[in-house]
Amino acid sequence: MKKRYFYEFKGNVYLEADNQDEAEDLIMGISLEDYLIDEDVFEIDEHYVPIGLEERKEKIDTILHPLDDEYNDYHGKKQSYGPLFREFIHGKIDRQELVNRMIQVEEKGMDDSGYAYEVDMVDLISKKDKTARLCVVD
């Protein structure tokens with residue numbers, strides 16, 4: 001049985017053109033392999049989640065698999081506390097306000113809405129964009 005892999009890349013191409021249409025015409029048809037930077041290949045499971053724990057930590061900020069029960073707790077805390085910590089780090093709220101809001105979140109309950117895992121990709125056979133969303137349902 002063949003294994004599944006993601007080939008992930010990022011890149012930028014600089015060009016000069018008179019307008020956007022001309023820029024798009026110039027970029028069409030050129031080989032991007034000479035312009036790709038920050039390339040990464042990693043093996044994935046049937047749910048499109050990286051198998052390697054280091055890659056998983058890099059891509060989804062945890063080694064937990066999105067179908068694990070522990071991941072639900074992690075995801076809920078990240079969804080609930082993440083915005084609060086960003087406001088605190090950017091100086092929009094002070095420490096006491098952070099603590100008060102965290103207490104309010106705990107009293108109200110963690111935010112478990114949203115997808116557990118989402119990835120966008122292009123299927124090389126069909127050449128179409130795909131979005132895979134992993135949701136935990138009871």
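All values below were derived from every heavy atom in this structure, side-chain atoms included, with hydrogens, water molecules and symmetry-related copies excluded.
Going from atom NZ of Lys10 over to atom CG of Asp40 covers 8.5 Å, rounded to the nearest 0.5 Å. Between the CG atom in Asp73 and the CG atom in Leu64 there is a gap of 9.5 Å [rounded to 0.5 Å]. Rounding to the nearest 0.5 angstrom, the gap separating the NZ atom in Lys59 from the CZ atom in Phe6 is 10.0 Å. Separating the CD1 atom in Ile51 from the NZ atom in Lys3 is a distance of 7.5 Å, to the nearest 0.5 Å. From His75, atom NE2 reaches atom OG1 of Thr62 across 12.0 Å, with rounding to the nearest 0.5 Å. The structure places CG of Asp120 at 4.0 Å from OG1 of Thr131, a figure rounded to the nearest 0.5 Å.
Nearest approach of Leu134 to Pro66, heavy atoms of both residues: CD2-CB, 3.9 Å. For Val41 against Tyr5, the heavy-atom pair with the smallest separation is CG1-CD2, 4.2 Å. The two residues Tyr117 and Ile60 come nearest to each other via the heavy atoms CE1-CG2, 3.1 Å. Shown here for Ala17 and Ala23, the closest heavy-atom pair between the two residues is CB-N, 3.6 Å.
Within the 4.5 Å cutoff, the side chain of Leu15 has heavy atoms near those of the Ile27 side chain. Here the side chains of Val99 and Ile103 are in contact, with some heavy-atom distance below 4.5 Å. Side-chain contact between Lys78 and Asp61 is present, with at least one heavy-atom pair separated by less than 4.5 Å.
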Take Asp123 and Lys130, measure what salt bridge (Lys or Arg N to Asp or Glu O under 4.0 Å) needs, and give me the verdict at the end.
CA-CA 7 Å; Asp123 185 289; Lys130 285 185 171 181; 3.3 Å; yes
TODO: Apply side-chain contact (heavy atoms from CB on, under 4.5 Å) to Asp129 and Met121, showing your working.
DONE: CA-CA 6 Å; Asp129 291 329; Met121 67 191 107; over 6 Å; no
Working for salt bridge (Lys or Arg N to Asp or Glu O under 4.0 Å), residues Glu97 and Lys92: CA-CA 10 Å; Glu97 180 65 21; Lys92 294 182 179 177; over 6 Å; no
- Task: Kindly determine whether Glu8 and Phe42 satisfy side-chain contact (heavy atoms from CB on, under 4.5 Å), including the steps that lead there.
- Result: CA-CA 8 Å; Glu8 187 176 83; Phe42 53 94; 4.1 Å; yes
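The aromatic rings of Phe9 and Tyr7 sit tilted, their planes meeting at an angle between 30° and 60°.
Counting non-hydrogen atoms of other residues, nucleotides and ligands closer than 6.0 Å to CD of Gln20 gives a total of 12 or fewer.
Of the N and O atoms on the side chains of Tyr48 and Glu46, not one donor lies less than 3.5 Å from an acceptor on the other residue. With 3.5 Å as the limit, one finds no donor-acceptor pair spanning the side chains of Asn100 and Gln104. Glu106 and Tyr81 form a side-chain donor-acceptor contact under 3.5 Å, judged by distance and modelled atom types alone.
His47 places no side-chain N or O within donor-acceptor distance of the main-chain N or O of Val49, the cut-off being under 3.5 Å. A donor-acceptor pair is defined here as one N or O able to donate and one able to accept, closer than 3.5 Å; such a pair exists between the side chain of Arg56 and the backbone of Ile63. Side-chain atoms of Glu58 do not come within 3.5 Å of backbone N or O of Glu54 as any donor-acceptor pair. Judged by distance alone, the side chain of Asp68 and the main-chain N or O of Glu70 form no donor-acceptor pair under 3.5 Å.
Taking the six-membered ring where the residue is Trp, the centroids of Tyr74 and Tyr71 are separated by under 6.0 Å.
A salt bridge does not link Asp45 with Arg4: none of the charged nitrogens is closer than 4.0 Å to a carboxylate oxygen.
Using a 4.5 Å cut-off between side-chain heavy atoms of Ile, Leu, Val, Met, Phe, Trp and Tyr, with links allowed through other members, Phe85 and Val105 fall into the same hydrophobic cluster.
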